[in-house]
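Everything on this sheet refers to the single structure shown next.
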Amino acid sequence: MVMKCGDQKLVTVYLNALIVIFIPFLTLESSPHLPAPKDVMVYSYNFRSSLRWSPVKVDRGLVLYTVHFKTGAFNQWDEMNCTRIAQTECSFPLSLKERRWTVVLRVRAELGQVTSDWVETDPFVAERNTTIGPPKVNSVIESSDSLLISVTPPFGSEAGDFLQYHVSYWENATSTTKKEIKMSSTLFEIGNLKELTLYCFRIQVELMTHSDLQLLGLQSVPKCHRTTISETTRAAYIILIFVLVSLFVILVTAGLFLLWRHHKTIKYWSQPPLEIPSHFEEYLKDPSMPVLEVLDNYAEDDPHDSVSVVFSGDGSQACGSSLDGQAPHAHSVSGDSEVT
């Protein structure tokens with residue numbers, strides 16, 4: 001029987017596909033074991049638990065995982081709905097939700113018919129090994145001397161459980177002096193605070209069971225709130241503002257009245273003193289200076305201005321000449337008088 005060219009190519013493709021599929025299994029059969037999972041640990045937060053591990057890496061193929069469990073009361077391995085799964089995490093079933101049970105788990109890797117060794121965990125007891133998170137702060141009501149806080153527990157309580165809230169608080173965001181109170185109610189008050197002051201607080205839950213086990217949870221993120229002003233302080237501020245405004249109005253009114261009453265005196269003292277111009281003062285000191293000629297020329301240019309020249313001394317005379325349109329110029333002469 002002769003195969004056609006197209007049939008030969010199809011057979012070649014099939015053979016290559018089979019080689020690709022079965023090579024990993026042939027390689028693993030030459031190796032005695034598949035690597036076991038690493039970093040196997042139980043992660044439990046607020047009594048929600050799961051088994052986690054690191055993935056097993058191989059060259060080809062998809063590695064699957066199987067998880068078993070047993071309890072302290074029944075020393076027999078059993079499946080926990082995590083058989084041949086591709087994920088690297090397996091949540092606890094409802095049958096393992098009992099907090100007081102001692103549980104041991106194991107996990108192994110599988111690739112085809114090849115399996116790894118089992119990796120077991122240490123005994124796990126939820127009420128002793130779980131991590132308790134901080135409570136949820138629902139609301140904070142500020143008053144002048146207190147903060148009223150409402151919280152929700154991080155998990156549902158069971159019969160025999162007792163929750164206590166550790167509240168640490170401090171004044172201002174940078175203060176290092178902290179105070180602490182313990183409350184058993186989800187609605188509590190931080191009292192004896194200063195008004196108009198910023199306070200910060202953190203809360204953590206402590207679980208106490210009937211078996212005298214105590215488990216302290218994680219602290220919450222700090223929350224800061226400012227207290228309000230009291231009615232007494234508010235009234236005092238209003239009175240103080242009224243007094244200051246009234247005093248300001250009185251002072252302004254008194255100042256305006258004084259300005260009106262003494263405006264002439266203020267105007268007199270605010271005017272600069274009268275001084276003789278420098279060129280007249282020089283002429284009075286030295287009469288030989290040709291100042292009068294300048295004055296004559298100035299009078300001819302502007303006949304409506306007037307100039308007074310004063311001579312003092314023994315036998316001095318005071319003469320005033322009016323430079324107007326009827327007198328073109330004027331001279332004042334004194335013999336051997338002294339000029340001042």
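Remember, predicted model here, so these are calculated numbers, not experimental data.
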In one Ile/Leu/Val/Met/Phe/Trp/Tyr side-chain cluster, 4.5 Å: Tyr65, Val40: yes

Just wondering, do Pro37 and Ser116 contact through their side chains at under 4.5 Å, heavy atoms? yes

Distance check, rounded to the nearest 0.5 Å: Thr102 atom OG1 versus Asp122 atom CG? 12.0 Å

Between side-chain atoms of residues 144-153 and protein atoms elsewhere (two or more places apart, or another chain), which donor-acceptor pairs fall under 3.5 Å?
unit_1	atom_1	unit_2	atom_2	d
Ser146	OG	Ser143	OG	2.6
Ser146	OG	Glu189	OE2	3.2
Thr152	OG1	Asn138	OD1	3.2
Thr152	OG1	Asn138	ND2	2.7

Among Thr130, Asn129, Thr209, the one residue meeting side chain to side chain contact (heavy atoms under 4.5 Å, CB included) with Leu215: Thr130

Could you tell me which non-hydrogen atom of Thr228 sits nearest to which non-hydrogen atom of Glu195, and how far apart they are? O-CB, 3.3 Å

Kindly compute the distance separating CD1 (Ile238) from CG (Leu240), expressed to the nearest 0.5 Å. 11.0 Å

Is there side-chain contact between Val205 and Gln164, with at least one heavy-atom pair below 4.5 Å? no

Partners passing ring pair (Phe, Tyr, Trp, His ring centres under 6.0 Å) against Tyr165 (at least two apart in sequence or in another chain): none

Does the cation-pi check pass for Arg99 over Phe47, that is, NZ or CZ under 6.0 Å from the six-membered ring centre and within 45° of its axis? yes

The test is side-chain contact (heavy atoms from CB on, under 4.5 Å); show your working for Val58 and Leu34 and say whether it passes. CA-CA 9 Å; Val58 295; Leu34 184 69; 3.8 Å; yes

Gap separating the CZ atom of Arg60 from the CG atom of Leu111, nearest 0.5 angstrom: 12.5 Å

If you look only at pairs with a residue in residues 91-111, which of them pass as a ring-ring contact (aromatic ring centres under 6.0 Å, His included), with sequence neighbours excluded? Phe92-Phe124

Distance from Leu251 atom CG to Ser246 atom OG, nearest 0.5 Å? 11.0 Å

Heavy atoms, side chains only, cut-off 4.5 Å: are Gln214 and Leu207 in contact? no

Tell me, which pairs form a salt bridge (charged side-chain N to carboxylate O under 4.0 Å, His left out) where one or both residues lie in residues 75-96, sequence neighbours left out? Arg52-Glu89, Arg84-Glu110

Does the pair Phe188 and Ile203 meet the rule for a side-chain contact (heavy atoms from CB on, under 4.5 Å), with working shown? CA-CA 12 Å; Phe188 52 86; Ile203 308 174; 3.8 Å; yes

Smallest separation among heavy atoms of Pro93 and Met80, with atom names: CD-CE, 3.5 Å

Quick check against the 3.5 Å criterion: does Thr227 have a side-chain atom that pairs as donor or acceptor with the backbone of Thr197? yes

Of all heavy-atom pairs between Ala36 and Val119, which one has the smallest distance, and what is that distance? CB-CG2, 3.8 Å

With a 3.5 Å cut-off and sequence neighbours excluded, list the donor-acceptor pairs that the side chains of residues 67-75 form with protein atoms.
unit_1	atom_1	unit_2	atom_2	d
His68	ND1	Arg106	NE	3.4
His68	ND1	Arg106	NH2	3.1
Lys70	NZ	Asn75	OD1	2.9
Thr71	OG1	Phe74	N	3.2

Minimum heavy-atom distance between Pro154 and Gly133, given as atom pair plus value: CG-O, 3.4 Å

Mind jotting down which residue pairs meet the salt bridge (charged side-chain N to carboxylate O under 4.0 Å, His left out) criterion with at least one end in residues 128-141? Sequence neighbours excluded, please. none

So do the side chains of Arg100 and Glu158 get within less than 4.5 Å of each other, counting heavy atoms only? yes

List in chain and number order the residues that pass ring pair (Phe, Tyr, Trp, His ring centres under 6.0 Å) with Phe201, two or more places apart in sequence or in another chain; answer none if no residue qualifies. none

Shared hydrophobic cluster for Val137 and Ile181 (ILVMFWY, side-chain gaps under 4.5 Å): yes

Trp170 side, atom CH2; Leu198 side, atom CG - distance, nearest 0.5 Å: 10.5 Å

With a 4.5 Å heavy-atom cut-off, do Asn46 and Ile132 have their side chains touching? yes

Name all residues meeting the ring pair (Phe, Tyr, Trp, His ring centres under 6.0 Å) criterion together with Tyr199; count only those two or more places apart in sequence or in a different chain, and write none if there are none. none

Applying a strict under-4.5 Å side-chain criterion to I, L, V, M, F, W and Y, I'd like to know whether Leu187 and Ile141 cluster together. yes

Do Leu216 and Val167 sit in one hydrophobic cluster, given that two such residues count as connected whenever their side-chain heavy atoms are within less than 4.5 Å of each other, even indirectly? no

Joint cluster assignment, Met41 & Trp118, ILVMFWY side-chain distance < 4.5 Å: no

When rounded to the nearest 0.5 angstrom, what is the spacing between OG in Ser91 and CG in Asn81? 10.5 Å

If you link ILVMFWY side chains whenever their heavy atoms are less than 4.5 Å apart, which other residues fall into the same cluster as Leu218? By chain and number, please. Tyr43, Tyr45

Connected hydrophobic set around Met208, excluding itself, where side chains approach under 4.5 Å: Phe162

Compare all side-chain heavy atoms of Pro134 with those of Gln204 and state whether any distance is below 4.5 angstrom. no

Through direct or indirect side-chain contacts below 4.5 angstrom among Ile, Leu, Val, Met, Phe, Trp and Tyr, which residues connect to Val243? Ile239

pair Leu51-Val107: side-chain heavy atoms closer than 4.5 Å: yes

Mind checking whether Ser168 and Gln219 have side chains closer than 4.5 Å, heavy atoms only? yes

Please, which pairs that meet disulfide (SG to SG under 2.5 Å) have at least one residue in residues 114-154, sequence neighbours excluded? none

Report, as yes or no, whether the 6.0 Å neighbourhood of atom NZ on Lys194 holds more than 12 heavy atoms from other residues, nucleotides or ligands. no

Side-chain H-bond candidate by donor/acceptor type, Glu142 with His225, under 3.5 Å: yes

